[in-house]
Amino acid sequence: MALSSSSSTLLRRLLGSTPLSSSRSSVLRAAFCSSSSSGPSPTLPPPSTIFGDDTEVANVPPLTTPKLFVSGLSRLTTDEKLKSAFAPFGQLLEVKVITDRVSGRSKGFGFVRYASLQEAETARQEMNAKFLDGWVIFVDPAKQREQKPAPQPDTASSHTGFTINKTVGWCG
DNA sequence: GTTGAGCGTT
């Protein structure tokens, strides 16, 4: 149950030649449902226990942030290329391909931010595991880059007038 | 040219 979309290395290898059978459960279901009119079967549990329900397994959890993390980008892919790929799926508030400050080239991943979650989900379901510039890209919800800047409540002076000396330096 | 894990600059 530890299926995560972060396994890009193995997935892009498999995506090279995957028949992608989506209606495999229909064949098995027909075999079970064709012989169930003569009382309960002590040897076989009800089909609902095996397959659960008509719920598809490809159900993905909804997003919680309009910001998406796009990985698997080609080194030749830039901001404009990424923007052009995610543009028709919604209003992009910000598109950024992370480039190394030293070498000045793309790191192979970027971020896209939509105006709403609806657009982000659409873009994710439409652009996840798709080809972009010859490489299979992966769209995942991005983390919050904004970590607490200064959550220090008692950084000023207290009413008691005492000031804690935080100089816990080395005694040597 | 630089081939592949990962979460960014202001």
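Note that the coordinates shown come from a computational prediction; the quantities given were computed from them, not determined experimentally. Just so it is clear: chains get the letters A, B, ... in the order the sequence lines come, proteins before strands, and each one is counted from 1.
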* Drop me the distance from Lys67(A)'s NZ to Gln144(A)'s CD, to the nearest 0.5 angstrom. => 7.5 Å
* **Note, Gln125(A) side chain near Val139(A) side chain (heavy atom, < 4.5 Å)** => no
* To do: May I ask you to test the Asn128(A)-Phe138(A) pair for a side-chain heavy-atom distance under 4.5 Å?
  => yes
* Minimum heavy-atom separation for Tyr114(A) to Ala120(A), with atom names? -> CD1-CA, 3.7 Å
* Atom pair distance, as rounded to whole Å: CG in Asp79(A) and C1' in dG8(B) -> 11 Å
* **Proximity to the side chain of Lys67(A) - top-ranked nucleotide from dT2(B), dG8(B), dC7(B)** => dG8(B)
* Asked: Is there side-chain contact between Leu73(A) and Asp133(A), with at least one heavy-atom pair below 4.5 Å?
  -> no
* Structure fact -> Taken to the nearest whole Å, CG/Leu76(A) to C1'/dG1(B) is 9 Å
* **Options dG6(B), dG8(B), dT2(B), nucleotide nearest the side-chain atoms of Phe111(A)** => dG8(B)
* **Closest non-hydrogen atom pair between Val95(A) and Asp79(A), with its separation** => CG1-O, 3.7 Å
* Structure fact -> Here the distance between atom C1' of dG8(B) and atom CZ of Arg105(A), to the nearest Å, is 19 Å
* Integer-rounded Å distance: dG6(B) P and Lys107(A) NZ -> 14 Å
* Return the residues of residues 81-102 of chain A meeting this criterion: a heavy atom under 4.0 Å from some atom of DNA chain B. Order them by number, or give none. => Glu94(A), Lys96(A), Ile98(A), Arg101(A)
* Whole angstrom is fine here: how far is it from CZ in Phe69(A) over to P in dG8(B)? => 9 Å
* Ala142(A) or Gly108(A): which one's nearest nucleotide on DNA chain B is closer to the 5' end? -> Gly108(A)
